[in-house]
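A short write-up of the structure that comes next.
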Amino acid sequence: MHKFILTIAGGGSTYTPGIVKSLLAKKEEFPLKELRLYDNDGDRQEKVAIIVKEVVKEFAPELKVLTTTDPETAFSDAEFIFAQMRVGKNSMREQDEKIPLRYGVVGQETCGPGGLAYGLRTIYPMAELIDLVEKYANPKHWIVNYSNPAAVVAEAMKKLRPNARIINICDMPVATIRNMAAVIGEDRNKLVVDYFGLNHFGWFTKVTVDGVDRTDEIRKHAIKHGLLVEDMTKVDAQHSDPSWIKNWKNIQYMMEMFPDYIPNPYLQYYLLGDSIVEHTNVEHTRANEVMEGREKRIFDAVDEYNRTGEVDLSSFYTGVHGQFIVDVAMSLAYNLRKRFLVMVENKGAVMNLPEDAMVEIPAYITSDGPEPIRVGEIPTFYKALIEQQYAVEKLIVEAAIEHSYTKALMALTLSKTVPSAFKAKEILDELIKANKGYWPELN
Ligand SMILES: NC(=O)c1ccc[n+]([C@@H]2O[C@H](COP(=O)([O-])OP(=O)(O)OC[C@H]3O[C@@H](n4cnc5c(N)ncnc54)[C@H](O)[C@@H]3O)[C@@H](O)[C@H]2O)c1
Ligand SMILES: O=P(O)(O)OC[C@H]1O[C@H](O[C@H]2[C@H](O)[C@@H](O)[C@@H](O)O[C@@H]2CO)[C@H](O)[C@@H](O)[C@@H]1O
Ligand SMILES: [Mn+2]
């Protein structure tokens, strides 16, 4: 059976050990010849690699593992590249979240002004990564990208690298499906969903199990409880963090008002923005929770290893995040035509949205890439919200490409999270200062 060369770009990511564990759980069906980690921060990557090598020792001691900061070493003949860069790391995420909050506006990793700031940092490093992969990797490679903000990255790569063999994915819908499955007592892999939207901006319209429509059971639960399930630590330890409990609970308030479709949790930042801001501690945001939680746990485990030679393999997150990217890669590798929610160019799948919108909808994953499934017409409320948000994403990409301050200001002004152009300008000017050295020049 063919064995694949797979490189994780952003190997120093806190998610790398969990992804490797998910890869090795499928080593019989998806065998690896070589696992490579690539990062532009070698020190960080070497530390995370200590945990990774322990996972490999435990589950596939025969597997060759290589860590490098050299693109040629990383990508030569690679067949799959899992991309998960965080340009500016969590310290810049903290700025993305806190600067808008100081102006009474949603401060979030991928939504609102913070997400647009993150997008302006990530666009060109992602294009550069694609160029490096295309220079060295197997010509039939696939880049499966988690690097956020995925909506902006997808729109930008459509413009800057239209022929790239890249598929942009998000594990939020899969996580939501996992919680829905817990609500109705089913295995998440048995749920077949209809869904439409943009990344971090979509709605579930139907959920079936073995052909039986189970949507109403889930809707009724969500209207009362959101998509919180009994013991979140059993479902996803990461999601027992305070801000994630709030995220799942806030689905209730959106469902009470708009019960037709089940919203992606991220819609709370657009539909409940003032309440979110009111209940967010501007001095201690999600970035702080992550730096004090997921990130600290990993590096404490490395310190422990350096002291004792022992590694606590429970120190890192595993779950749908790792399982999903491996499932997508396997469907690409073996032309399985698995049905997943991924980002694709609309091209009429959602009849009354722009043809060129990068929508997140169900698609069959084939060896030639995603084959979108037709959605049809969507109702006015959703169409209007999506068109506004898509215009924001188009404008921030145009701002990066054209070096246009005005287009960046238009993007922030148009965002549903920002109340006025005055506020947009104050936030933009502060973000420009904070992102010196990361953003393209805006004139
Ligand atoms: N799409 C999704 O649904 C989804 C889910 C979870 C995480 N993510 C994203 O995955 C990424 C990783 O998350 P994390 O919390 O593990 O981040 P992290 O900060 O722990 O690690 C990110 C790694 O990327 C590296 N990096 C930054 N710029 C790079 C570049 N130009 N080239 C190579 N490496 C580079 C950093 O050095 C770091 O080691 C983030 O973008 C996050 O938003 C996406
Ligand atoms: O605040 P973070 O860094 O913990 O998470 C931000 C990411 O949240 C989503 O990914 C979740 C995923 O939904 C869940 O199942 C599990 O894997 O944890 C992930 C991280 O919490 C979202 O899809 C990502 O885009 C965000 O980066
Ligand atoms: Mn996501």
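Scope of the values below: all heavy atoms of this structure, side chains included, with no hydrogens, waters or symmetry mates. Note that ligands are numbered from 1 as they come in the structure, with each ligand's atoms numbered from 1 the same way.
- Across the listed options D171, T110, N148, D171 owns the non-hydrogen atom lying nearest to atom 12 (C) of ligand 2.
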**Study point:** M358/V344 under side chain to side chain contact (heavy atoms under 4.5 Å, CB included): CA gap, chis, key distance, verdict
**Key:** CA-CA 5 Å; M358 290 306 283; V344 291; 5.7 Å; no
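- Looking only at heavy atoms of the protein, atom 16 (O) of ligand 1 is closest to S13 OG, 2.5 Å.
- Considering only non-hydrogen protein atoms, atom 17 (O) of ligand 1 sits nearest to R86 NE, 3.2 Å.
- Atoms of ligand 2 lying under 4.0 Å from any heavy atom of V320, numbered from 1 in the order shown and given with element: 15 (O).
- Short contacts between ligand 1 and D41, defined as distances under 4.0 Å to a heavy atom of the residue, involve ligand atoms 37 (O).
- The nearest heavy-atom contact from the protein to atom 32 (N) of ligand 1 is M85 SD, 3.5 Å.
- By the 4.0 Å heavy-atom criterion, G319 is excluded from the residues contacting ligand 2.
- Closest protein heavy atom to atom 35 (C) of ligand 1: N40 OD1, 3.3 Å.
- Contacts between E97 and ligand 2 below 4.0 angstrom, taking non-hydrogen atoms only, are absent altogether.
- Looking at ligand 1, you'll find an N or O of Y146 within less than 3.5 Å of one of its N or O atoms.
- Applying the 4.0 Å criterion to heavy atoms of E109 picks out, from ligand 1, the atoms 42 (C), 43 (O).
- The part of R294 lying near ligand 1 is the side chain, judged by heavy-atom distances below 4.0 Å.
- In this structure, K246 contributes its side chain and H279 its backbone to a donor-acceptor pair below 3.5 Å.
- Between I262 and M255 the shortest heavy-atom distance is CA-SD, 3.7 Å.
- Every atom of ligand 1 with a heavy atom of K89 under 4.0 Å away is listed here by number and element: 36 (C), 37 (O).
- Closest of all the heavy-atom pairs between F324 and L341 is CZ-O, 3.8 Å.
- For the ligand labelled ligand 1, residue A150 lies outside the 4.0 Å heavy-atom shell.
- Near C170, meaning under 4.0 Å from any of its heavy atoms, are these atoms of ligand 1: 1 (N), 2 (C), 3 (O).
- For I169, the closest heavy-atom approach to ligand 1 falls below 4.0 Å.
- Closest heavy-atom approach to atom 40 (C) of ligand 1 among the candidates Y15, Y118, Y38: Y118.
- Not a single heavy atom of E128 sits closer than 4.0 Å to an atom of ligand 1.
- For Y146, the heavy-atom gap to ligand 2 stays at 4.0 angstrom or more.
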**Study point:** Verdict with supporting geometry, N199 and V359, side chain to side chain contact (heavy atoms under 4.5 Å, CB included)
**Key:** CA-CA 7 Å; N199 175 245; V359 290; over 6 Å; no
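- Within the 4.0 Å heavy-atom criterion, both parts of M172, backbone and side chain, lie near ligand 2.
- Counting protein heavy atoms only, atom 39 (O) of ligand 1 is closest to D39 OD2, 2.6 Å.
- Of the candidates K89, R121, R86, R86 is the only one forming a salt bridge (charged side-chain N to carboxylate O under 4.0 Å, His left out) with E109.
- Between N138 and D77, the side chains place no donor N or O within less than 3.5 Å of an acceptor N or O (distance only, hydrogens not considered).
- For the 3.5 Å distance criterion, the side chains of R294 and Y15 qualify, holding a donor opposite an acceptor.
- Atom 18 (P) of ligand 1 has its closest protein heavy atom at R44 NH2, 3.4 Å.
- Close contacts between ligand 1 and T14 involve ligand atoms 14 (P), 15 (O), 16 (O), 20 (O) [criterion: under 4.0 Å to a heavy atom].
- Ligand 2 lies less than 4.0 angstrom from a heavy atom belonging to H200.
- For the pair H321 and ligand 1, the shortest N or O to N or O distance does not fall below 3.5 Å.
- For atom 26 (C) of ligand 2, the choice among E289, Q323, Q84, E109 with the nearest heavy atom turns out to be E109.
- Of all the atoms in ligand 1, the ones that sit under 4.0 Å from a non-hydrogen atom of Q84 are 10 (O), 11 (C), 12 (C), 22 (C), 24 (O).
- Nearest heavy atom pair, residue T73 against residue R36, reads O-NH1, 3.5 Å.
- Taking the six-membered ring for Trp and the full ring otherwise, F340 and Y364 have centroids separated by 6.0 Å or more.
- Here Y118 has no heavy atoms under 4.0 Å from ligand 2, in either its backbone or its side chain.
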